[in-house]
Amino acid sequence: MTSVEENTDHTADSGPSGYAAARLRLLQEESRSGPSRRSALAGLTDEWLNALFTTAVRETGVRGATLVAVGGYGRAELSPRSDLDLVLLHDGKAEPQALSALADRLWYPVWDLGLALDHSVRTPGEARRTAAEDLKAHLGLLDARTVAGDAGLLAGLRTSVLADWRNQAAKRLPELHSLCRERAERAGELRFLLEPDLKEARGGLRDATALRAVAASWLADAPREGLAEARRRLLDARDALHLVTGRATDRLSLQEQDQVAARLGLLDADALLREVYEAARVVAYAGDVTWREVGRVLRARAARPRLRGLLGSRGDRVPARAPLAEGVVESDGEAVLALAARPDRDPVLALRFGAAAAQAGLPVSLHAVRRLAAQGKPLPVPWPAEAREQLLTLLGAGEPTVAVWEALEAEGLITRLLPDWERVRCRPQRNPVHTWTVDRHLIETAVRASALTRRVGRPDLLLMAALLHDIGKGWPGDHSVAGETIARDVAARVGFDPHDVAVLGALVRHHLLLIDTATRRDLDDPATVRAVADAVRSVGTLEILHALTEADALATGPAAWSAWRGSLVADLVARVAAVLRGTTPAAGEPEIPTTEQERLAVEALRTGEPVLALQARQEEDAVGVDLVVAVPDQPGVLPAVAGVLALHRLTVRDADLRSMELPDRLGEVLVLSWRVAAEYGALPQAARLRTDLVRALDGSLDVPAKLADREAAYPRRRGVVPPPPRVTVVPDVSALATVLEVRAPDAVGLLHRIGRALESGGVRVRSAHVSTLGANAVDTLYVTTPEGKPLEPADATALAGLVAAALS
């Protein structure tokens, strides 16, 4: 069969050779490309087929027929090697032999030119029935247009087909969504593939066509911003691929990417892939939003008759809005902005919104994200502490982080918050071990790291290092070296103190150190271990680096981590830790109390009742206020105070408890210093807190029952399931007490449950030090026997198990 580009005989403009020559000239015009060339190619093909049809009708005598283009050809979007999708529509009055002869005179010239053809011969009634049975046929007819013949035949069919599509949307759209999901499972995610299928992969051309079909149903519509441009880029890439290969292919193979890039005027294959990935991201995001809206509308339609039957006209009431965070509520299965939210006055709102949505496992409202992008104020530099904590809460939410992050990124909020993100956004990684683009790999690493936060004392630094460890891949040279500088800048911008900035810089600089050393060096050589110890410098940094190494490998792909590699890294870490502990001093006892703490302690001992004070913090960027509580030493103080704070919806950001002996006075006083913030709304009055605390201590306020009632009134959302709490006995820290370390997800009443477990274990809390880092709590507790002595090792282990059970 002779190909269309080879057949250049100029015999007749309406004949195969004339069309082939004109087609070849069009495809060789360098000045014409993109939509203009696709439209011109469709127009040229229309003229040729119209002439064929006219001649064939005259020769066969068939009347009441029309030639219809469907699918991509129906949209007048012909790529150089596109199929021709044609339907010969007729009124059913022609003789079968004449109709067959008419079809032969149309199809054979197309085949003779080597063009792919998808064809059928039907009456309008047959076409409509076929569409009712075959979803793909129905989709093709949505884009049908007349090429030649009686346009009235198609007009009536189009009206019927569109009406059927809209009337059957409740059935057809779920079928279409299922087809899209099945295709995505087969072809993968376009924006993460080194050799993507521009048509079949998720975010490709078929998904863009599906969105057009959804819009035609009038049930929902895709976000329009950027979608047409993304679709054009994908079509342009496919055009160039057809011209480079001379084949009707949609797979962008590695060996053709440089040539395709050159034809599109792009610098290289990486620039091509990044442009394709960005387009696919827009299409995929539009699909996520659209299908979620379709599901919501269909659920509402299904529920409305039942609601009307139960409630009468009240069935159309506005969905309930449940609070998630300050300025953020849940409505109809989405995270949305509260009615009183003011993005123009609350620069932290975008991060608080994302963190609340991810922690609750909710999708974010497109309208809300766009409002944040349009009205949100830029954060001051360095960021306030609340902004930093909300970012860490978002990063620590696990799998839900991905969808929320991508929704924020789609509207430009991520690059506004972190300008260095632009260089890694949609950046391809040509190492076949890597599953993701650079930006998605960083988020996937944070997801993996969120499951390892119980292994480290500074989960905030682990999550931030996960986000930044490959940030240098957007720059020339060694990405670890470049990344250290960028990570330091970002960490300072986000508001970490100089020590933490240095640690984050070291983590990024050395994020490959453990895996490279463990798999390529002799661990029995003391110089190997010493070199790692010199680079890491502290046990705390080593602990974070170990978790980061595992998270990075797990997020890279299945070939990057194994039990064998994990054992080698663990062996190296144990050897390095031994070296570092030989030079690291043990932690000391708590610091000396302040004058204000002593004043409150004296007052508490004088009155015999709790005394407390609420004070605004001096730092401008601090989260929450200071609450100092002094109570005469007695059992149950820690769970009582923590429980009262939980009942008043106060989040504990950090806390310190110490037992204070006052000179020349009998008895001891427990002094608790808290930094607290309201979950949402205003802080309670100090007098109310004190009244409830007195009642909690004398037993007239049943704190556990009140907390249980509150939990029952607000059922647990389906959000992320955090890693389980971890309670350990820390050796060689104090000669005066046994030290327990609790690493757990921050939750309402966490300290209350810890305190009750310690009370049930019959120990005395000498001091406690509580830190909340994003969505993680790291609490250190110094406990003794009632006589004031450290616990025996077996008793300490049993107590750790008791606390862990109380938190599970």
Side-chain angles (χ1 to χ4, degrees), residues 68-75 85 87 89 118 120-145 153-187 199-224 227 231 283-311 315-316 319 332-334 363 365-366 403:
V68 176
V70 298
Y73 183 28
R75 295 188 296 273
D85 293 335
V87 177
L89 206 62
D118 189 355
S120 61
V121 180
R122 295 190 176 103
T123 64
E126 290 170 343
R128 188 179 181 185
R129 286 192 295 273
T130 300
E133 298 170 357
D134 186 341
L135 176 60
K136 293 181 180 179
H138 206 159
L139 291 172
L141 286 173
L142 294 178
D143 292 311
R145 64 179 178 85
L153 276 177
L154 178 60
L157 175 61
R158 273 185 58 84
T159 300
S160 300
V161 165
L162 280 169
D164 291 344
W165 183 251
R166 288 160 186 159
N167 292 334
Q168 299 167 12
K171 172 190 175 185
R172 284 307 205 184
L173 292 186
E175 290 178 2
L176 178 57
H177 192 197
S178 179
L179 278 180
C180 291
R181 291 197 303 267
E182 290 171 5
R183 182 166 27 82
E185 290 177 4
R186 289 195 312 270
K199 187 175 184 179
E200 300 291 330
R202 181 174 183 268
L205 291 168
R206 283 208 188 276
D207 278 347
T209 301
L211 294 178
R212 289 169 55 91
V214 174
S217 74
W218 292 353
L219 199 69
D221 197 6
R224 295 287 181 174
L227 185 57
R231 187 167 174 273
V283 174
Y285 173 65
D288 291 341
V289 172
T290 303
W291 288 118
R292 193 164 68 242
E293 179 65 18
V294 167
R296 182 163 49 249
V297 172
L298 292 180
R299 287 193 300 273
R301 284 187 176 184
R304 194 173 296 134
R306 295 196 301 273
L307 284 174
R308 284 178 176 164
L310 293 170
L311 305 174
D316 293 328
D332 200 16
E334 282 188 332
S365 159
L366 175 64

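What's counted below: heavy atoms across the whole structure, side chains too, no hydrogens, waters or symmetry copies. The structure presented is a predicted model; accordingly, all values stated were derived computationally and were not measured.
Arg128 contributes no side-chain N or O that, together with a main-chain N or O of Thr123, makes up a donor-acceptor pair within less than 3.5 Å. Within the 3.5 Å criterion, the main-chain N or O of Arg172 finds no donor-acceptor partner in the side chain of Trp165. Remark: side-chain polar atoms of Arg158 are paired, donor with acceptor, to backbone N or O of Ala144 under 3.5 angstrom. Within the 3.5 Å criterion, the main-chain N or O of Ala201 finds no donor-acceptor partner in the side chain of Arg206. Looking at Thr130, its side chain does come within 3.5 Å of a backbone N or O of Glu126 through a donor-acceptor pair. Arg145 contributes no side-chain N or O that, together with a main-chain N or O of Val68, makes up a donor-acceptor pair within less than 3.5 Å. Distance alone, capped at 3.5 Å, is enough to place a donor-acceptor pair between the Arg183 side chain and the Glu200 backbone.
Contact annotation: the side chain of Leu162 never approaches that of Trp218 to less than 4.5 Å [non-hydrogen atoms, C-beta and beyond]. Put simply, the side chain of Val283 reaches to within 4.5 Å of the side chain of Leu227, judged on heavy atoms. Side-chain contact between Asp118 and Val70 is absent, with no heavy atoms from C-beta onward closer than 4.5 Å. By the 4.5 Å heavy-atom criterion applied to side chains, Arg231 and Leu211 are not counted as neighbours. In this structure, the side chains of Leu153 and Leu157 stay at 4.5 Å or more apart for every pair of heavy atoms. In this structure the side chain of Val214 reaches within 4.5 angstrom of the side chain of Val294, judged on heavy atoms. Glu293 is not listed as a side-chain neighbour of Leu366, based on a closest heavy-atom distance of 4.5 Å or more.
The two residues Ala210 and Leu176 have their closest heavy-atom pair at O-CD2, 3.9 Å.
Aromatic ring pairs are classed by plane angle as parallel below 30°, tilted from 30° to 60° and perpendicular above 60°; the pair His177 and Trp291 is parallel.
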- Task: Begin from the C-alpha positions of Thr209 and Leu139 and carry the test side chain to side chain contact (heavy atoms under 4.5 Å, CB included) through to its verdict.
- Result: CA-CA 9 Å; Thr209 301; Leu139 291 172; over 6 Å; no
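Salt-bridge formation is detected for the pair Asp288/Arg202: a Lys NZ or Arg NE/NH1/NH2 atom is positioned less than 4.0 Å from an Asp or Glu carboxylate oxygen.
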